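Throughout, protein chains are lettered first and strands after them, A, B, ... in sequence-line order, and every chain is numbered starting at 1. These numbers come from the heavy atoms of this one structure, side chains and all, not from hydrogens, waters or symmetry mates. Bear in mind that the values here come from a model prediction, so they are computed numbers and not experimental data.
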Amino acid sequence: MSISWVTVPTPLPSGPLRLAVTEQGVAAVSYHGDAIGGVPGRVGIPECVDESRAGLVRARLAEYFEGRRTELGLPIDWRFTTGPHRTVLQTLTAQAGYGQTLTYGELGARSGVFEDFTDGGWTAARTVGKMMGANPLCLLVPCHRVVASDGLGGFGGGPRGLEIKRWLLTLEGVLPPTLDWNGPG
DNA sequence: TGCAATGCTTGTG
DNA sequence: CACAAGCATTGCA
């Protein structure tokens with residue numbers, strides 16, 4: 001099984017996106033170029049030389065960022081996720097459509113991996129937040145559509161990462177455009 | 001507005 | 001492989 005990097009230009013405040021692709025699909029996505037949490041052996045992964053595969057990924061993402069595509073429709077390789085983590089991410093992918101948001105607690109409830117909600121959902125919400133932060137499939141698994149019950153919530157990478165979350169939600173029409181909005185529309 | 005409750009992921013030894 | 005630390009939250013007073 002081979003794995004390789006594809007670099008995709010984006011209008012995101014973070015700049016280009018880096019994706020790790022395999023024969024199965026996209027295995028990981030990084031906003032920060034070379035750092036992906038939870039991806040072992042990420043150093044030494046070669047650039048993708050299969051232009052047909054890289055081209056498809058770039059084309060789909062380009063359309064998405066132009067607002068012409070609401071579903072990426074890219075195959076996902078779940079190899080870097082396991083157990084409850086994978087279940088939650090797959091639940092999110094299946095249930096949070098374009099322009100829709102749900103809360104951490106809600107996702108925890110829907111995923112079915114948390115059985116005890118007698119604490120008011122505290123455990124589920126906190127755990128889901130942790131899972132999102134450890135999500136190697138940002139963007140493909142729409143972790144930016146998961147928000148706190150009383151606001152935007154957080155995002156990996158701190159304040160810098162939050163800009164990305166805001167940008168994506170603006171693209172999808174969840175948030176109103178800001179003055180520095182450089183996306184479509 | 002401020003506080004207390006917990007489980008999963010990740011980085012070391 | 002085992003252990004310890006850190007959180008992308010929530011609901012109630």
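- Computed from coordinates, the L168(A) CG to dA8(C) P distance equals 18 Å when rounded to whole Å.
- At a threshold of 4.0 angstrom between heavy atoms, the contacts of G153(A) with the nucleic acid are absent.
- Rounded to an integer number of Å, the gap from L152(A) CG to dA8(C) P is 14 Å.
- Computed from coordinates, the H85(A) NE2 to dT10(B) P distance equals 7 Å when rounded to whole Å.
- Side-chain proximity of T127(A) to dC8(B), dC7(C), dA8(C): nearest is dC8(B).
- Remark on DNA chain B: of its neighbouring residues D119(A) and M131(A), the 5'-side contact belongs to D119(A), judged by nearest-heavy-atom nucleotide.
- Using a 4.5 Å heavy-atom threshold, the side chains of V26(A) and I76(A) count as separate.
- Counting non-hydrogen atoms under 4.0 angstrom, G121(A) reaches nothing in the nucleic acid.
- Remark: R18(A) engages E47(A) in a salt bridge, criterion side-chain N to carboxylate O under 4.0 Å.
- L102(A) has its CG atom 11 Å from the P atom of dT10(C), to the nearest Å.
- Between W78(A) and V141(A) there is a side-chain heavy-atom pair separated by less than 4.5 Å.
- Note: NZ (K130(A)) to C1' (dA4(C)) measures 13 Å, nearest angstrom.
- dA8(C) atom C1' lies 13 Å from atom CG of L92(A), rounded to whole Å.
- Close to dT10(C), at under 4.0 Å from its OP1 or OP2, lies a side-chain N or O of S149(A).
- Relative to the side chain of D150(A), the nucleotides dT10(C), dG7(B), dA8(C) differ in distance, and dT10(C) lies closest.
- If you check dA8(C) for Watson-Crick or wobble pairing at under 3.5 angstrom, you find it has no partner at all.
- The separation between Y104(A) atom OH and dC7(C) atom P is 15 Å, rounded to whole Å.
- Remark: R58(A) does not engage E63(A) in a salt bridge, criterion side-chain N to carboxylate O under 4.0 Å.
- In this structure, the CE atom of M132(A) is 17 Å from the C1' atom of dT10(C), given to the nearest Å.
- At a threshold of 4.5 Å between non-hydrogen side-chain atoms, the residues T127(A) and Y104(A) do not count as touching.
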